[in-house]
Q: 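Encoded as structure tokens, here's the structure I'll be asking about.
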Protein chains: 2
Amino acid sequence: MTVTLAKGFVAGAVHAGLKKSGKLDLALVVNQGPLNSAAVVFTTNRCQANPIIWSKEVIKDGQVSAIILNSGGANCYTGAQGFQTTHATAEKVAEELGVSAGDVLVCSTGLIGDQLDREKLLAGTSAVAANLNTTNGAIAAQAIMTTDSKPKTAEFTHADGWSIGGMAKGAGMLAPGLATMLVVITTDASLDSKSLDQALRAATRVTFDRLDSDGCMSTNDQVTLMASGASNVTPSQDDFTVALTQICISLATQLQQDAEGSSHDITITVQGAASEADAEEVGRSVARNNLFKAAIYGNDPNWGRILAAVGVTKAQFDPYNIDVSINGVSVSRKGQPDQPRELVDLSPRAVDITINLNSGTHSAAIYTNDLTHEYVTENSEYSS
Amino acid sequence: MTVTLAKGFVAGAVHAGLKKSGKLDLALVVNQGPLNSAAVVFTTNRCQANPIIWSKEVIKDGQVSAIILNSGGANCYTGAQGFQTTHATAEKVAEELGVSAGDVLVCSTGLIGDQLDREKLLAGTSAVAANLNTTNGAIAAQAIMTTDSKPKTAEFTHADGWSIGGMAKGAGMLAPGLATMLVVITTDASLDSKSLDQALRAATRVTFDRLDSDGCMSTNDQVTLMASGASNVTPSQDDFTVALTQICISLATQLQQDAEGSSHDITITVQGAASEADAEEVGRSVARNNLFKAAIYGNDPNWGRILAAVGVTKAQFDPYNIDVSINGVSVSRKGQPDQPRELVDLSPRAVDITINLNSGTHSAAIYTNDLTHEYVTENSEYSS
């Protein structure tokens, strides 16, 4: 049921004609209230798509009535014409639903630099607005897919009678300061936009922000949280944040497991850091090292490449007092080899790298994937 | 003739037994004077190999009598035993040549984390020291190869009677603040170590430092420049720096063209930057974007990935006033598409990306390669 699990939300999805494949390419999620509170986290990429520029204005007052999402084109670097397409889409949603265009978020995903077909998009918008119901969450999750092999959804229901549901897309350009993706999360908890924003930033910081599949940050990332208040329950901020974080962990893990062409899901845990920022910097440097990532693809526990990646960071450590383990085998300690690398079994999909900097008490985990032939294939043939 | 082109230098190479292939794996270059001045630029990776730790001490007084280089093992993260191997190698060179061990540089390249076979290395050192002559530059260049498909050499002779010759190795881990490589350059110009250091830093800053094939920085990089003074000519600092820069450009270009598995040599020129540092940051960000690199492999002019990579930098620019050209075709201007991407011909090996930030007068070029199936293959099978 995903985004239609929580009371107060309806959704729909259609094929508007943006994807040549004939698959679903347009989704609409509508908050029927009584509340319209919302929070959004955007990509930190400075080169941003038109729907990002639009949505940043919409969210300023913390009120959102609906969100419309298309696949089949990013509407990024499409100039004034592209911005007008985003604007016209929001206006069409507003007209169909009888709400204000200033309360309509827009998301787009697909190739950068191509104009969306505005006529098809607006006709599709009318069509999807006419087919909204409380069970369409599943098809909405399908409509936002690009190179995803399957839809990503997550659900949570609290004993007190409130729930959270979410959907996500994203398979490439998965990197920091949001992994590349669109995410919509709905809840019927009674929370104002300030509470939602606080919970969403806390949850994304340790989930989507720690997913760094290929080091490439998108121009279109947007994670949206909307609350209807239809449960009439106001959970504690802590309870809600914990539940929301679980939803985000589930969706982030699904994104990692479906990352383009990947054959391993790698968790890089950095311990003993002088600060959490140090731990994150080290984990991210390893996650972005192509030689390390290619070695994991080859089931090769080439731990020297891990240390070479640690060494380019500014984190606090003694280079010759770092411990590295791969899948539980301590392969290097204090600047020299420890257990033989042949003991490491890299045949499972899940790979655990643990790096102890022996410089403090902080830690962080970064989630990434290996660098495979299939990744190169998918990304060398994407737009052609 | 490479490193034996300049008067006052002899060299040799042997198979010491470090490479299982039976190929040459140990080279020695000796400066017979009258000068022994030298300068070295090292990797900025904080996790450094034992020969780097040793060589940093040797170069402190600017005097170098000889440099010994082995392939078949990086001697990195091999602890006290590994450092003793480096030390013993320098001592053996000193003993054979009747010089001070404190004037002998050591370089190693190969897999991180394995001990070198000290007995074979020392026996090989004696053998190579017994077979030095003024024509062995070519085989010395072969002995330092790892995954290189061919040796890299460069030569320059000035009308005034002085010359420079160089050799280089490096095919993977080609990244900043030295591309991953070993380089030895010799000259018979009469210059002190201070002049050499100044010229070497000026030359590497715009050549090897701008080569960023795969974003991975090595633990073993070392670029060494030695002067014998045997020509009895002291060129002007400018003349020497220009000639040295030409040698470094030639060697860096050869490294790029032989980068592991690459099918395109990409030059990313960033113009109109507010500072040279901004231009370099933007170029490097694009050079490290796997999605962009995979697209070039697929001959796909997917320029949106270039802008997405520009957008994650801190450089000064208006995101919607950036111009991008690929192989001379203006594909994006002022935040929107310009010429159709279909006009771009990416079939040649050489690819020129030009990015104009329209924010100033500074520029920089970064040299990189595409991300290919062959790169993944070579680097997933390296140590196994």
Side-chain angles (χ1 to χ4, degrees), chain A residues 44-48 74 76-82 111-115 172-173 214-219 288-291 294-295 297-300 302-305 307-313 317 319-320 322 331-332 334-337 341 371-373 375-377 379-384, chain B residues 44-48 74 76-82 111-115 172-173 214-219 288-291 294-295 297-300 302-305 307-313 317 319-320 322 331-332 334-337 341 371-373 375-377 379-384:
Chain A
T44 54
N45 198 311
R46 292 166 61 199
C47 294
Q48 304 188 334
C76 180
Y77 276 82
T78 45
Q81 183 184 335
L111 186 65
I112 297 171
D114 280 356
Q115 296 289 348
M173 271 204 186
D214 62 3
C216 301
M217 192 196 295
S218 160
T219 51
R288 292 181 175 185
N289 188 285
N290 279 350
L291 292 172
Y297 172 51
N299 292 345
D300 174 5
N302 192 331
W303 54 264
R305 293 173 178 180
L307 286 160
V310 173
V312 300
T313 70
F317 58 77
Y320 307 105
I322 298 173
V331 286
S332 180
K334 297 190 188 302
Q336 48 193 315
R341 62 182 84 206
L371 177 60
T372 69
H373 284 136
Y375 176 90
V376 175
T377 301
N379 288 299
S380 60
E381 296 171 354
Y382 182 72
S383 77
S384 48
Chain B
T44 55
N45 197 312
R46 291 166 61 199
C47 294
Q48 304 187 334
C76 181
Y77 276 81
T78 46
Q81 184 185 337
L111 186 65
I112 297 170
D114 280 357
Q115 295 291 348
M173 270 203 187
D214 63 3
C216 300
M217 192 197 295
S218 160
T219 51
R288 292 183 176 184
N289 187 285
N290 279 350
L291 292 172
Y297 172 52
N299 292 344
D300 174 5
N302 192 331
W303 55 264
R305 293 174 177 178
L307 287 159
V310 174
V312 301
T313 69
F317 58 77
Y320 307 105
I322 298 173
V331 287
S332 180
K334 296 190 189 303
Q336 49 192 314
R341 62 182 84 206
L371 177 60
T372 69
H373 283 136
Y375 177 89
V376 174
T377 299
N379 288 298
S380 59
E381 295 171 355
Y382 182 71
S383 77
S384 47

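Letters go in sequence order (proteins before strands), and every chain restarts at 1. On a predicted model such as this, the values are computed, not experimentally measured, just so you know.
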Q: Please find the pair of heavy atoms, one from A:Arg341 and one from B:Ile112, that lie closest to each other, and give the distance.
A: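 Here A:Arg341 and B:Ile112 meet closest at NH2-O, 3.0 Å.
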Q: Minimum heavy-atom separation for B:Thr78 and A:Pro337, please, with both atom names.
A: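 Nearest pair, atom of B:Thr78 first, then A:Pro337: CA-CD, 4.1 Å.
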Q: Can you name the nearest heavy-atom pair linking B:Gln336 to A:Gly79, along with the distance?
A: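 So the minimum-distance heavy-atom pair works out to CB-N, 3.7 Å.
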Q: For A:Val376 and B:Ala294, work out which heavy atoms get closest and say how close.
A: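 Nearest pair, atom of A:Val376 first, then B:Ala294: O-CB, 4.2 Å.
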Q: Pair A:Asn290, B:Tyr375 - check side chain to side chain contact (heavy atoms under 4.5 Å, CB included), show working.
A: CA-CA 10 Å; A:Asn290 279 350; B:Tyr375 177 89; 3.7 Å; yes
Q: So which part of B:Gln48 gets closer than 4.5 Å to some heavy atom of chain A, the side chain, the backbone, both or neither?
A: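 Contact with chain A is through both the backbone and side chain of B:Gln48.
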Q: Whether the side chain of B:Tyr297 engages the backbone of A:Thr377 through a donor-acceptor N/O pair (distance < 3.5 Å, no angle test) should be reported.
A: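 Not a single qualifying donor-acceptor pair exists.
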Q: Look at the rings of A:Tyr77 and B:Tyr320 and say which category their plane angle falls in: under 30° parallel, 30 to 60° tilted, over 60° perpendicular.
A: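 Geometry flag for B:Tyr320 against A:Tyr77: tilted rings.
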Q: For A:Cys47 versus B:Gly311, what's the shortest heavy-atom pair and its separation?
A: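 A:Cys47 and B:Gly311 have their closest heavy atoms at SG-CA, 3.6 Å.
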Q: What residue in B:Val312, B:Leu307, B:Ile322, B:Thr313 has the most heavy-atom pairs under 4.5 Å with chain A?
A: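 Most heavy-atom pairs within the cutoff with chain A belong to B:Leu307.
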Q: Can you measure from CZ (B:Arg305) to CG (A:Leu111) and round to the nearest 0.5 angstrom?
A: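 Answer rounded to 0.5 Å: 8.0 Å.
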